[in-house]
Amino acid sequence: MKAYSYDKSFELYDRANEVVPCGLYGHLGVGRARLNPMGCYPLFSERAEGTYIWDVDGNRFIDYACAYGPNALGYQDPDVDTAAMRQREKGNCTTVVSPVMIECAEKLVETINCADWAFFAKNGGDVTTLAVMTARHATGRKKIIMMEHGYHGVYQWCQKAGTPGVLDEEICNNLYVPFNDFEAIKKMVDDHPGEIAGILSMPYDHISHYDNVLPDEDYWPKVRKLCDEKGIVLIIDDVRAGFRMDLAGSDHYFGIKADLLTLGKAIANGWNMAALVGRKEMREAVEDMNYTGSYWLSAVPLAASVAAITKMKEINAVGIMQKTGEKLTRGLKQTADANGVKLSTTGLPSLFKIILKDPDESLIPHQVWVGEMVRRGVYISHFHNMFTNTVMTDEDLQYTFDVADEAFKIVTKKYPEILI
């Protein structure tokens with residue numbers, strides 16, 4: 001297979017770097033070496049449709065990043081985009097709110113198991129921040145237990161000590177425990193009697209760079225019981241996993257009901273919005289706070305969300321994405337085995353994590369393998385968990401396996417020590 005080149009992408013990057021910090025920043029940030037090995041990734045896209053993206057050099061990619069989560073039904077899903085455009089003809093960001101806000105809230109209350117109400121914003125960080133504020137106001141306490149290495153956005157309160165621009169006093173009430181360690185949570189609660197406002201966690205551990213970890217069967221029920229006994233607000237951050245594990249919420253998937261649950265990414269199939277939903281006991285605390293943004297009730301994304309959730313229900317999107325992910329991870333593992341290397345496949349199949357293992361745990365062979373995949377039209381990340389959507393085909397999967405086989409052969413020739 002011929003490897004792609006990215007001449008136009010890098011020309012545009014040079015231009016962007018003159019006027020944009022790092023040229024590209026965040027999880028796409030060339031300046032922070034997120035896209036190792038350099039030269040293997042496209043930097044700018046021309047268009048997207050279904051499960052594919054095309055870069056400015058005309059290269060096509062099967063996109064397992066799915067825009068890092070929002071693409072659940074395929075890019076430019078006709079039902080979602082038609083609903084959005086119909087609302088756009090009526091109005092979007094207006095002085096007086098559109099009734100579609102009510103329709104979207106009703107849809108979420110009808111769909112999410114723990115939802116008695118819904119509050120809308122734009123980014124996952126907007127609603128995780130509101131969730132923490134709500135827990136503190138509802139309990140009159142300050143401290144929040146979070147999971148080590150957990151990710152809940154980029155606002156100051158959820159950063160770690162030593163992060164540039166973050167003050168110690170902005171994070172001094174954060175307490176950290178390992179995920180899936182109930183005894184560590186219980187000890188932290190016991191060590192801070194009457195001080196814990198909330199426990200904040202993703203439904204399972206799907207952090208960057210590491211194998212994903214699913215909870216023990218009794219973990220979440222025990223955490224729920226502890227929160228009930230101690231008057232602690234249980235917050236599930238479902239921004240990434242939401243609508244891919246269980247349409248009723250990832251807390252429902254694990255057999256519990258959260259007090260607050262944050263949603264984003266797949267909520268509107270790429271239209272920019274997020275939501276906090278919760279139990280009726282939390283509503284008064286939210287109502288007490290003045291928390292808003294100029295674009296948070298824009299009508300077009302709300303209409304897109306109604307259409308997206310409706311379609312996900314109708315087609316059993318979760319089932320489709322899980323089945324596709326099972327085929328994909330199984331096929332990649334079989335291809336790795338055939339090449340004599342160890343490929344770790346962890347997490348839920350609909351948002352999976354793959355790591356090519358090496359004896360030194362350097363992840364360098366893994367990065368090279370991923371880079372060779374990307375250069376042949378299979379877009380995956382070397383550090384982030386990946387996603388499936390509802391429009392990926394068996395032909396897409398077979399092409400992925402063929403590319404993976406060629407990439408394995410390249411990397412084992414360069415790093416024979418990874419052979420098992």
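Both backbone and side-chain heavy atoms feed into the values below; hydrogens, waters and symmetry mates do not.
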For residues 76-85, dump all side-chain donor-acceptor pairs below 3.5 Å to protein atoms at least two apart in sequence or in another chain.
unit_1: Q76; atom_1: NE2; unit_2: A48; atom_2: O; d: 2.4
unit_1: D77; atom_1: OD1; unit_2: K311; atom_2: NZ; d: 2.7
unit_1: D77; atom_1: OD2; unit_2: D79; atom_2: N; d: 3.1
unit_1: D77; atom_1: OD2; unit_2: V80; atom_2: N; d: 2.9
unit_1: D79; atom_1: OD2; unit_2: K311; atom_2: NZ; d: 2.7
unit_1: D81; atom_1: OD1; unit_2: W271; atom_2: NE1; d: 3.1
unit_1: T82; atom_1: OG1; unit_2: P78; atom_2: O; d: 2.6

Would you list the atom pairs, donor with acceptor, under 3.5 Å between side chains in residues 291-298 and any protein atom, with sequence neighbours excluded?
unit_1: Y291; atom_1: OH; unit_2: D126; atom_2: O; d: 2.5
unit_1: S298; atom_1: OG; unit_2: Y295; atom_2: O; d: 2.9

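F61 has its side chain within reach of N59: a pair of non-hydrogen atoms, C-beta onward, lies under 4.5 Å apart. Counting heavy atoms from C-beta on, the side chains of Y379 and Y41 come closer than 4.5 Å.
Closest of all the heavy-atom pairs between V177 and I185 is CG2-CG1, 3.7 Å. The two atoms that bring S305 and M273 nearest to each other are CB-SD, 3.4 Å, heavy atoms only. Minimum heavy-atom separation, A67 to Y75: N-OH, 3.2 Å. Shortest non-hydrogen contact noted between A299 and Q87 is CB-NE2, 3.4 Å. Between N269 and G74, the shortest heavy-atom distance links the atoms ND2-O, 3.0 Å.
The side chain to side chain donor-acceptor pair (under 3.5 Å) test applied to S250 returns D238, not counting sequence neighbours. T329 meets the side-chain contact (heavy atoms from CB on, under 4.5 Å) test with T345, F352; sequence neighbours excluded. Residues meeting the ring pair (Phe, Tyr, Trp, His ring centres under 6.0 Å) test with Y151, sequence neighbours left out: none. Every residue was checked against the salt bridge (Lys or Arg N to Asp or Glu O under 4.0 Å) condition with K257, not counting sequence neighbours, and none meets it. Residues that satisfy the salt bridge (Lys or Arg N to Asp or Glu O under 4.0 Å) test with E229, not counting sequence neighbours, are K225. R136 meets the salt bridge (Lys or Arg N to Asp or Glu O under 4.0 Å) test with no other residue; sequence neighbours excluded. Taking D168 as the reference, nothing meets the salt bridge (Lys or Arg N to Asp or Glu O under 4.0 Å) condition, with sequence neighbours excluded.
Within the structure, ring-ring contact (aromatic ring centres under 6.0 Å, His included) pairs that include any residue of residues 157-205 comprise F179-Y219, Y204-H206 (at least two apart or interchain). Each salt bridge (Lys or Arg N to Asp or Glu O under 4.0 Å) pair with one or both residues in residues 88-105, not counting sequence neighbours, would appear here, but there are none. Every pair passing salt bridge (Lys or Arg N to Asp or Glu O under 4.0 Å) that includes a residue from residues 340-369 is listed here, sequence neighbours excluded: D211-K357.
Surrounding CZ of R283 are at most 12 heavy atoms belonging to other residues, nucleotides or ligands under 6.0 Å away. At most 12 non-hydrogen atoms from other residues, nucleotides or ligands lie less than 6.0 angstrom from NZ of K187. Other residues, nucleotides and ligands contribute only 12 or fewer heavy atoms inside 6.0 Å of the OH atom of Y210.
Donor-acceptor pairing under 3.5 Å is recorded for the side chains of D405 and N339.
A perpendicular orientation is assigned to the rings of W54 and Y52, their planes being inclined by more than 60° (bins at 30° and 60°). Using a 30° and 60° split on the angle between ring planes, H209 and H382 fall in the tilted class, from 30° to 60°.
Counting only distance, with no hydrogens or angles, the side chain of R244 and the backbone of T388 share a donor-acceptor pair below 3.5 Å. Under a 3.5 Å cut-off, the side chain of N113 and the backbone N or O of H252 do not form any donor-acceptor pair.
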One pair to check against side chain to side chain donor-acceptor pair (under 3.5 Å): N173 and R141. What are the steps and the verdict? CA-CA 10 Å; N173 287 301; R141 304 170 184 173; over 6 Å; no
